[in-house]
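Predicted, not measured: the structure shown is a model, and the values here were computed from it.
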Amino acid sequence: MKKLFAFLAVIGMLSTGANAVYAQEEENVAGEATEQVAEETAPSEEPAAVVEEPAAEAPKGIHKQIKAKFIEGGAIFMSFVLLCLIFGLALAIERIIYLNLASTNTKKLLQNIENALNDGGIEAAKEVCRNTRGPVASIFYQGLDRFDEGVEVVEKSVISYGSVQMGLLEKGLTWISLFISLAPMLGFMGTVIGMIEAFDNIQAMGTISATAVAGGIKVALITTVSGLIVAIILQVFYNYIVSKIDGIVNTMEDASISLLDILVKYNMKK
């Protein structure tokens, strides 16, 4: 009987262990199936594609814009307008440099001449004029060189040589004024020719196309704008040069009168 009870106990233990193992395996299988289903049904979390916005175009430089407009306006007439600007600016800059070099401190020059007359006479005064730059000193030298012929001759010499120096100061102004007038006229000519070409295109197409008309008018007006800009730039330089010349001429006339007064006083002292 003891052996029977022991056998039945062993069989019961084995059955219980087998059931526990089988139940654990079923739980594991069920858990794996659940995880697999969850993985399949879960939404895939893939990173969204980044949409790159087109980079904004960098603004063109001013020189590139000018180059583009130059090409659109037509190389022939735009080249002529550009030449007017180059030659006009070259003449204007040359005149400005010359006039700045021609400016003289007349008060200091007259004082030096008066001191030289009192100390060393006419030759000393002439030496002062030779060592001084500018048209005023040149006029004074011509007057002092004819002092022996009388004050009236000195006055006539100063007036005559003053006219010569004024002509030298105004040298090149006519060419600058020519380029000021020529640049807008070339622009208008380019505009007229561009309009003619636009109407020729309309006639060839047989119908009025807004694109063709607008394009032709745009190209035509670029030359006009370019010519006006060149004329405005050169006109500013021209007015500055004229005002500079007027100032130098007024200084020359005033200084010449002061020189005659100094010579009259010196002649009276002799």
So Q111 and N115, side-chain hydrogen bond (donor to acceptor under 3.5 Å, both in side chains) or not? Walk me through it.
CA-CA 6 Å; Q111 186 63 42; N115 294 335; 3.3 Å; yes

Output the distance between atom [atom1] ([X]) and atom [atom2] ([Y]), rounded to the nearest 0.5 Å.
X: S157; Y: Q142; atom1: OG; atom2: CD; answer: 5.5 Å
X: I176; Y: E170; atom1: CD1; atom2: CD; answer: 11.5 Å
X: S160; Y: E155; atom1: OG; atom2: CD; answer: 10.5 Å
X: D246; Y: L169; atom1: CG; atom2: CG; answer: 10.0 Å
X: L144; Y: E127; atom1: CG; atom2: CD; answer: 12.0 Å
X: M166; Y: Y161; atom1: CE; atom2: OH; answer: 13.5 Å

Close side-chain approach of [X] and [Y], heavy atoms under 4.5 Å:
X: N250; Y: E253; value: yes
X: M185; Y: L182; value: yes
X: L89; Y: L234; value: yes
X: I139; Y: Q165; value: yes
X: F87; Y: F179; value: yes
X: P135; Y: L168; value: no
X: N100; Y: K244; value: yes
X: L186; Y: T223; value: no

If hydrophobic clusters are built by linking Ile, Leu, Val, Met, Phe, Trp and Tyr wherever their side-chain heavy atoms come under 4.5 Å apart, do [X] and [Y] end up in the same one?
X: V153; Y: L259; answer: no
X: I257; Y: V264; answer: no
X: Y141; Y: L117; answer: no
X: L99; Y: I96; answer: yes
X: Y238; Y: L83; answer: yes

Return yes when atom CZ of F237 has more than 12 non-hydrogen atoms of other residues, nucleotides or ligands closer than 6.0 Å, and no otherwise.
no

For a quick check under 3.5 Å, do Q235 and N239 share a side-chain donor-acceptor pair by atom type?
yes

Which pair of heavy atoms, one from [X] and one from [Y], lies closest together, and at what distance?
X: A116; Y: V128; answer: CB-CG2, 3.9 Å
X: S256; Y: V158; answer: OG-CG1, 3.3 Å
X: A183; Y: V81; answer: O-CG2, 4.2 Å
X: V136; Y: A255; answer: CG1-CB, 4.1 Å
X: K171; Y: R95; answer: O-CD, 2.9 Å

Among D145, I262, L110, V154, find the one that has a side-chain contact (heavy atoms from CB on, under 4.5 Å) with F140.
L110

Between T104, I113, N105, which is the residue that forms a side-chain contact (heavy atoms from CB on, under 4.5 Å) with T132?
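Of all the options given, the one that passes is T104.
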
Are the side chain of R146 and the backbone of E152 linked by a donor-acceptor contact shorter than 3.5 Å?
no

Using a side-chain heavy atom cutoff under 4.5 Å and only I, L, V, M, F, W and Y, what cluster partners does I93 have?
I97, L101

Can M78 and L82 be said to form a side-chain contact (heavy atoms from CB on, under 4.5 Å), step by step?
CA-CA 6 Å; M78 294 296 288; L82 180 60; over 6 Å; no

